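This is a predicted model, so every value here is computed, not measured.
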Amino acid sequence: MDNVQPPVLKINGLSGGYSAKRPVLHGIDLEVGRGEMVGLIGLNGAGKSTTMKHILGLMTPQQGEVRVMGKKRDEDPQVYQSAMAFVPESPELYDEMTVMEHLEFTARAYGVSEADFKKRTEKLLDLFRMNEKSTSLSTHLSKGMRQKVMIMCAFVAGPPLYIIDEPFLGLDPLGIRSLLDFMLEMKASGSSILLSSHILSTIENYCDRFVVLHRGQVIAKGTLNELRTQFGESDASLEHMFYSLVQGRD
């Protein structure tokens, strides 16, 4: 009997947006397998954030469906939502809570055991050099530090799927490297990541596959080498291929 597991995230024929008369997305097909990091790339307004909002359950598809761990949100909202953590582009924290309180709050919401919480928190505070700030209120943190708190909260939760939107904004070079290395470590442990970023040269060698969105449609997808084959250049950079793809569509 075939026991092949479904993708952690699977989107079929997704059309949607803020108005039924003017959908932003047009028939999006996308999937993220277990232990896979997929880069979602596109210009501003291409539909990346709208796609993420549909995955998060903040918007309802006009057509098509989104499945997380094989489930649609309306089939089992608790399983669906608890299977993912989200890192937004702009940090959103409670001003009167400390860094550690944010981590504890997130861990309780996701049912993380005390032992796992301790182990993950120690590692994350060291990795992002936030030990000295663990008792600081978030309102007293710089933007880069606030972004680190959002990232640490997502990773302390430990769900199967991470939805990460432009995480490098505000991070210093060391923070960017720490995040990339930790994402690889999480991926190796079986977690799946959908990562949106404009810094194509940074994510080129980290993602397993890429999905290129333009004007609400998928115009290319595949591994770096598959895109190069489609493009007809064996050593083309992701950035070069992306610009040629989107400029050819305008």
Side-chain angles (χ1 to χ4, degrees), residues 1-17 25 27-40 47-89 92-94 101-121 123-124 149-165 167 182-196 207-209 211 218 221:
M1 190 171 179
D2 190 358
N3 289 321
V4 175
Q5 294 177 318
V8 174
L9 170 66
K10 188 171 180 64
I11 300 175
N12 280 325
L14 174 63
S15 293
L25 306 177
I28 301 293
D29 291 323
L30 182 161
E31 66 179 56
V32 182
R34 193 171 300 274
E36 185 177 41
M37 190 188 308
V38 174
L40 183 64
K48 303 186 301 299
S49 293
T50 305
T51 299
M52 289 185 166
K53 286 177 181 177
H54 279 85
I55 297 168
L56 295 168
L58 300 176
M59 300 179 77
T60 302
Q62 294 168 10
Q63 291 183 355
E65 64 179 25
V66 179
R67 290 183 178 271
V68 174
M69 304 298 288
K71 298 282 188 183
K72 291 195 292 184
R73 187 174 184 275
D74 56 7
E75 291 174 352
D76 195 332
Q78 185 172 352
V79 168
Y80 184 98
Q81 297 294 161
S82 64
M84 72 180 93
F86 176 51
V87 179
E89 179 178 349
E92 298 173 7
L93 302 174
Y94 296 101
E101 285 169 344
H102 278 92
L103 294 170
E104 291 170 345
F105 178 78
T106 304
R108 283 198 299 271
Y110 279 86
V112 177
S113 71
E114 190 172 336
D116 282 343
F117 173 74
K118 186 173 186 298
K119 181 171 64 176
R120 292 173 189 174
T121 301
K123 183 165 189 173
L124 288 164
V149 176
M150 291 297 300
I151 292 165
M152 290 191 297
C153 284
F155 284 118
V156 85
L161 175 65
Y162 294 94
I163 308 295
I164 305 180
D165 189 11
F182 193 67
M183 285 195 293
L184 287 182
E185 190 176 319
M186 296 303 294
K187 190 168 78 76
S189 70
S191 295
S192 303
I193 300 167
L194 181 66
L195 170 67
S196 172
C207 292
D208 299 291
R209 292 188 298 110
V211 176
V218 175
K221 58 184 173 182

Any donor and acceptor pair, going by atom type alone, linking the side chain of [X] with main-chain N or O of [Y] inside 3.5 Å?
X: Ser191; Y: Pro160; result: no
X: His102; Y: Tyr94; result: yes
X: Lys221; Y: Asp29; result: yes
X: Ser192; Y: Gly33; result: yes
X: Arg209; Y: Glu31; result: yes

Residue pairs passing the side chain to side chain donor-acceptor pair (under 3.5 Å) test where at least one lies in residues 77-88, sequence neighbours excluded: Arg73-Gln81

Pair listing, side chain to side chain donor-acceptor pair (under 3.5 Å) test, anchored in residues 51-60, at least two apart: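 Listed by first then second residue: Tyr18-Lys53.
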
Are [X] and [Y] close enough that some pair of their side-chain heavy atoms sits under 4.5 Å apart?
X: Pro6; Y: Arg67; answer: no
X: Leu195; Y: Met37; answer: yes
X: Leu9; Y: Met84; answer: no
X: Leu30; Y: Leu40; answer: yes
X: Arg34; Y: Met69; answer: yes
X: Met152; Y: Val156; answer: no

Among Leu93, Leu124, Leu103, side chain to side chain contact (heavy atoms under 4.5 Å, CB included) partner for Val149: Leu93

If every non-hydrogen atom of [X] is compared with every non-hydrogen atom of [Y], which pair is closest and at what distance?
X: Val112; Y: Ala157; value: CG2-O, 3.6 Å
X: Gly27; Y: Ser15; value: N-OG, 3.0 Å
X: Gly17; Y: Met59; value: O-CE, 3.1 Å
X: Leu14; Y: Pro61; value: CD1-CB, 3.5 Å
X: Tyr110; Y: Pro159; value: CE2-CB, 4.4 Å

Parallel, tilted or perpendicular, as decided by the 30° and 60° cut-offs, for the rings of Phe182 and Phe155: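 Ring orientation of Phe155 relative to Phe182: perpendicular.
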
Glu114 atom CD, neighbour heavy-atom count above 12 within 6.0 Å: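 No, because the 6.0 Å sphere around CD of Glu114 holds 12 heavy atoms or fewer from other groups.
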
Flag if over 12 foreign heavy atoms under 6.0 Å of CD, Glu65: yes

What's the separation between atom [atom1] in [X] and atom [atom2] in [Y], rounded to the nearest 0.5 Å?
X: Arg120; Y: Ser113; atom1: CZ; atom2: OG; value: 7.0 Å
X: Ile193; Y: Tyr162; atom1: CD1; atom2: OH; value: 7.5 Å
X: Asp165; Y: Leu194; atom1: CG; atom2: CG; value: 9.0 Å

Sequence-distant partners of Ser189, side-chain hydrogen bond (donor to acceptor under 3.5 Å, both in side chains), two or more places apart: none

